[in-house]
Number of protein chains: 2
Amino acid sequence: MAAEEQSASIDPNRPMNILDALCPSRDVLVDLADKWVLLMLASLRESGVQRYSELQRSLGGISRKMLSQTLRTLERDGLVLRTVDVKMAPPLVLYELTELGREIAEETRALCTWTEKRTATVYEARAAYDRR
Amino acid sequence: MAAEEQSASIDPNRPMNILDALCPSRDVLVDLADKWVLLMLASLRESGVQRYSELQRSLGGISRKMLSQTLRTLERDGLVLRTVDVKMAPPLVLYELTELGREIAEETRALCTWTEKRTATVYEARAAYDRR
DNA sequence: CGCGAGTCGTCTCCAGAGGAGACCATACCT
DNA sequence: AGGTATGGTCTCCTCTGGAGACGACTCGCG
């Protein structure tokens with residue numbers, strides 16, 4: 001563990017401010033502001049519950065390493081619930097959003113739909129920029 | 001430029017799907033799903049227009065390198081407008097959101113406010129996870 | 001019965017991204 | 001003259017992310 005600049009503990013009197021590098025909320029944002037996290041939230045929001053390998057096929061292009069890592073981050077943050085059925089072999093592992101996870105997945109939905117809707121516009125802007 | 005798996009050109013017939021690694025929209029999402037991008041959108045949304053050094057002070061903890069890099073990405077994507085006043089010395093450089101940028105900054109607002117509101121809950125979830 | 005395939009991961013290796021800090025030209029303030 | 005500010009770029013160096021191997025187990029197929 002590095003002696004890096006660590007966010008202070010939560011002080012109910014000081015308002016949360018994402019722009020402040022030392023605010024605890026910055027720490028949470030860092031977890032969320034990630035390609036795989038947003039895609040995972042989207043996939044689990046649509047499908048309800050998925051197993052490990054289903055998620056891998058669903059999130060096109062994700063490696064097993066990032067799949068495990070992202071799932072554990074979200075599980076630790078209380079956004080994803082992991083359930084193992086030990087009776088099965090190979091074990092059946094299921095992932096689904098918690099109530100908190102469903103909340104944030106709802107908030108990030110707009111980001112995804114905007115992206116899909118505006119992709120063509122962004123592509124045109126890029127082409128125009130590159131032409132200069 | 002690597003011969004990496006590149007997103008295909010835009011086909012109006014095929015619907016956009018962020019979960020597809022080859023869909024052009026994935027490419028746009030990758031630009032947006034970034035800590036500094038979300039913070040920059042938030043800062044410019046609040047302040048309207050800011051100069052380079054103001055932005056650096058506003059986005060707590062950002063390095064000049066990432067500031068320049070993020071600004072150029074957003075400018076290329078058509079989300080940020082850069083204006084230079086050459087008459088000034090040292091030159092006055094201003095950054096502001098374009099119309100497209102204001103659109104996406106509006107969509108990401110919910111993500112930021114949710115984060116600030118739910119930070120305490122996430123911190124509790126992390127503590128509970130780490131205790132096990 | 002042996003073989004390939006599927007499940008749910010972990011481990012190692014390597015290239016690339018991100019952060020820290022130096023450097024630069026210019027101009028203003030004291 | 002020296003310190004400060006502006007808007008960057010450039011060079012390190014570390015850390016992260018992706019590719020791919022490996023593992024233990026079980027099922028279906030021929």
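Lettering follows sequence order; numbering is per chain, from 1. Side chains included, hydrogens not; waters and symmetry mates left out as well; all remaining heavy atoms used. As the structure is a prediction and not an experimental result, all values here were calculated from the model.
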Using only atom types and a distance under 3.5 Å, with no angle test, would you say the side chain of [X] pairs donor to acceptor with the backbone of [Y]?
| X | Y | result |
| --- | --- | --- |
| B:T98 | B:L79 | yes |
| B:R26 | B:I18 | yes |
| B:T73 | B:Q69 | yes |
| B:E54 | B:R51 | yes |

Would B:R132 count as a cation-pi partner of B:Y129, with NZ or CZ less than 6.0 Å from the six-membered ring centre and within 45° of the ring normal? yes

When you measure from the centre of the six-membered ring of B:Y123, is the NZ or CZ of B:R126 under 6.0 Å away and within 45° of the axis? yes

With a 4.0 Å limit, can you tell me whether [X] has a side-chain N or O closer than that to the phosphate oxygens OP1/OP2 of [N]?
| X | N | answer |
| --- | --- | --- |
| A:R64 | D:dC22 | no |
| B:K35 | C:dG19 | yes |
| B:R72 | D:dT9 | yes |
| B:S68 | D:dT9 | yes |

If you take any heavy atom closer than 4.0 Å to DNA chain D, which residues from residues 49-56 of chain B end up in contact? B:R51, B:Y52, B:S53

Output the rounded distance in Å from [atom1] ([X]) to [atom2] ([N]).
| X | N | atom1 | atom2 | value |
| --- | --- | --- | --- | --- |
| B:L71 | D:dG8 | CG | P | 8 Å |
| A:I62 | D:dG17 | CD1 | P | 11 Å |
| B:L67 | C:dG21 | CG | P | 17 Å |
| B:M40 | C:dG18 | CE | P | 13 Å |
| A:Q69 | D:dA19 | CD | P | 14 Å |
| A:M66 | C:dG9 | CE | P | 15 Å |
| A:D85 | C:dT7 | CG | P | 15 Å |

Would you mind telling me which residue lines up with the more 5' stretch of DNA chain D, B:L94 or A:W36, judged by nearest nucleotide? B:L94

Considering only NZ, NE, NH1 and NH2 on the basic side and carboxylate oxygens on the acidic side, decide whether B:D34 and A:K35 come within less than 4.0 Å. no

Strictly below 4.0 Å, N to O, side chains only: are B:E99 and B:R102 in salt-bridge contact? yes

Please walk me through it: do B:S68 and B:Y52 pass side-chain hydrogen bond (donor to acceptor under 3.5 Å, both in side chains)? CA-CA 9 Å; B:S68 303; B:Y52 186 82; 2.9 Å; yes

Please round to 10 degrees the angle between the axis of the first five pairs and the axis of the last five pairs in the helix from C:dC1-D:dG30 to C:dT30-D:dA1. 0°

Do any N or O atoms of the protein come closer than 3.5 Å to N or O atoms of nucleotides 25-29 of chain C, and which pairs are they?
none

How about A:E124 and A:T121: does a side-chain donor come under 3.5 Å of a side-chain acceptor? no

Separation between CG (B:D27) and OG1 (A:T119), nearest 0.5 Å, reads 8.5 Å

From A:D11 atom CG to A:M16 atom CE, the distance as rounded to the nearest 0.5 Å: 8.5 Å

Scan A:L92 against the nucleic acid and name what it touches under 4.0 Å (heavy atoms): base, sugar-phosphate only, or nothing. sugar-phosphate

Where the side chain of B:R57 is concerned, which of C:dG18, D:dT6, C:dT10 is the nearest nucleotide? D:dT6

Compare the minimum distances between each of D:dT11, D:dG17, D:dG8 and the side chain of B:K65, then state the nucleotide with the smallest one. D:dT11

